[in-house]
Amino acid sequence: MLNVLSAITLPFIGEVTLSTSLLVVFAICLIAVVGFEFVNGFHDTANAVATVIYTKALKPVYAIPWSGTFNFLGVFLGGVGVAMGILKLLPLDDLMKLPVAVGACFVLAVLLASILWNLGTWYLGIPCSSSHTLIGAMIGGSIAFTLYYHGAGVNWDKAKEIGLSLILSPLIGFGAAALLMLLLRKTLKDSGLFHIPQGDNDTPPLLIRGLLILTCTLVSFFHGSNDGQKGVGLLMLILIAFVPARFAVNHNKSDAQMLASLNKIEVSINHAKVTGDKGHGLVLASDSAIDKAKGYFASKADTDKTYKLRKKIKSIQKDVASILTAKDIQLAAADKKTLTAGTKDLTDMTDWAPIWVIAMISISLGIGTMVGWKRIVVTIGEKIGNQHLNYAQGATSEIVAASTIGLSTWFGLPVSTTHVLSSGIAGSMMASGGTKNLNGNTLKNIALAWILTLPVSIILAFGLFIAFHLFI
């Protein structure tokens with residue numbers, strides 16, 4: 001009974017044909033990804049409000065919903081570059097070829113590993129990166145998947161790129177905040193900016209309060225645009241795993257529009273002047289991929305054809321990128337422009353998320369911000385340094401955090417809001433009073449969580465995939 005296929009029409013998703021047991025797992029996965037983003041809200045976003053709360057710029061009753069609102073807007077307006085970036089870590093093409101039950105095991109392992117570690121570190125009040133956790137879980141699940149099904153496995157080039165971003169961002173946060181704090185101390189003589197609030201009624205002057213609220217707003221918005229996209233990526237992973245024919249490609253893009261883009265790409269490539277064997281090979285490969293992709297459009301509602309169409313489009317994108325940079329292929333400026341525009345159209349076909357997915361993650365993150373924030377706020381505001389946070393320290397750390405996260409989102413790279421901001425506060429504290437102004441125990445705990453998160457989440461997801469696979 002549990003393995004009998006049944007069709008059910010779900011809001012936004014459409015018709016889903018799965019066995020009863022897989023429908024239950026599908027529902028659990030959807031609830032789990034909302035839970036992950038909710039936890040991410042109170043786990044990570046507490047960092048954004050810590051400075052305005054501890055400098056008395058805003059009371060928690062105002063700061064939390066304010067931050068939640070801008071987190072919501074960040075996810076909603078931030079695009080899907082980071083979301084698609086983390087999906088490129090995974091053996092998604094191999095996953096789509098296998099039964100849905102395998103995808104269910106993979107998704108559940110990644111989600112549960114991420115949630116368990118996030119909740120554990122939150123309970124202990126340790127600022128831990130949801131980004132590190134999710135990336136580690138995806139790598140662990142992918143390794144376990146490859147152990148059973150072989151295939152391409154983890155995209156280690158993408159993993160190195162993301163890993164470098166996650167490692168360098170807190171170092172940049174620490175150094176940039178320390179330099180900015182030193183600059184402020186050297187150039188500004190207004191002691192009001194370096195005042196440490198004493199008591200609930202010791203609020204900052206109007207201009208300083210405006211600066212602190214502005215920096216909190218920027219960190220909240222960019223947190224949503226970066227961290228929130230990870231939830232979008234997770235939800236798209238679930239939808240592609242369970243309903244690949246519907247979500248592996250963007251069906252909102254008309255066939256006529258996509259075929260027109262492919263034709264323009266094909267014509268521009270054939271205009272190229274090729275002088276080497278490697279260049280000839282690239283042109284022939286791209287022509288062959290374009291011809292095959294055109295044939296798949298007529299039946300893209302079929303799961304197998306959808307998978308093949310997605311794979312061919314990815315192949316064309318890669319070939320075009322190689323052609324644009326090949327030394328033995330010469331293209332006119334107009335043809336280069338056409339290829340660039342055509343590649344963007346193809347990217348919109350595969351790297352996408354429905355508006356309801358973005359809205360669902362936005363709401364989960366926004367509500368999560370308003371719950372459970374206090375544990376992390378206390379650590380950020382009181383325990384990183386040996387003195388209470390002053391106005392300048394709060395502002396510099398948030399300016400650096402907002403800039404770092406915003407730039408990372410622009411380049412489609414995930415970073416840890418937690419580690420960027422906490423390292424920024426540590427840098428500003430050190431610039432104010434040297435290393436003796438840092439709380440060694442708290443920094444050791446943060447560093448330990450930073451070191452342990454990746455291996456622990458890899459092991460958790462690896463073990464959970466193997467455990468769930470026993471039931472297939």
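The shown structure was predicted, so the numbers you read here are calculated from the model rather than taken from an experiment.
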Test: D157 and K88 ion pair at under 4.0 Å: no
Contact check, side chains of [X] and [Y], non-hydrogen atoms, under 4.5 Å:
X	Y	value
I425	M429	yes
F72	I363	yes
V75	N71	no
I240	M96	yes
F242	I13	no
L95	Y149	no
F174	M430	yes
R246	L239	no

Which pair of non-hydrogen atoms, one from [X] and one from [Y], has the smallest distance, and what is that distance?
X	Y	value
Q393	S432	NE2-OG, 2.9 Å
T409	G78	CG2-O, 4.3 Å
N390	I196	CB-CG1, 3.7 Å
S142	L90	OG-CD2, 3.4 Å
V25	A104	CG1-CB, 3.7 Å
A431	A178	CB-O, 3.5 Å

Is [X] atom [atom1] crowded by more than 12 heavy atoms from other residues, nucleotides or ligands, each under 6.0 Å away?
X	atom1	result
K158	NZ	yes
W352	CH2	yes
L207	CG	no
Y148	OH	yes

So, [X] side chain and [Y] main chain: donor-acceptor pair closer than 3.5 Å or not?
X	Y	result
S362	I358	yes
E37	S364	no
S165	E161	no
N226	V415	yes
S423	V420	yes
E398	C216	yes

Would you sort out whether L98 and D94 count as a side chain to side chain contact (heavy atoms under 4.5 Å, CB included), showing the intermediate values? CA-CA 7 Å; L98 294 166; D94 294 329; 5.5 Å; no
Quick one: [atom1] on [X] to [atom2] on [Y], what's the gap to the nearest 0.5 Å?
X	Y	atom1	atom2	value
I208	F194	CD1	CZ	9.5 Å
S114	M138	OG	CE	7.5 Å
F222	S403	CZ	OG	8.0 Å
L214	L218	CG	CG	4.5 Å
H251	M349	NE2	CE	7.0 Å
L116	L111	CG	CG	10.5 Å

I238/L30 under side chain to side chain contact (heavy atoms under 4.5 Å, CB included): CA gap, chis, key distance, verdict: CA-CA 7 Å; I238 293 167; L30 292 176; 4.1 Å; yes
Indicate every side-chain donor-acceptor pair of residues 454-466 with a distance under 3.5 Å to a residue at least two apart or in another chain.
residue, atom, partner, partner atom, Å
S457, OG, T453, O, 2.7
S457, OG, L454, O, 3.0

Mind running side chain to side chain contact (heavy atoms under 4.5 Å, CB included) on V80 and M236 for me, showing each step along the way? CA-CA 11 Å; V80 294; M236 287 306 295; over 6 Å; no
From CA spacing to verdict: side chain to side chain contact (heavy atoms under 4.5 Å, CB included), L92, R310: CA-CA 11 Å; L92 205 56; R310 180 187 172 91; 3.4 Å; yes
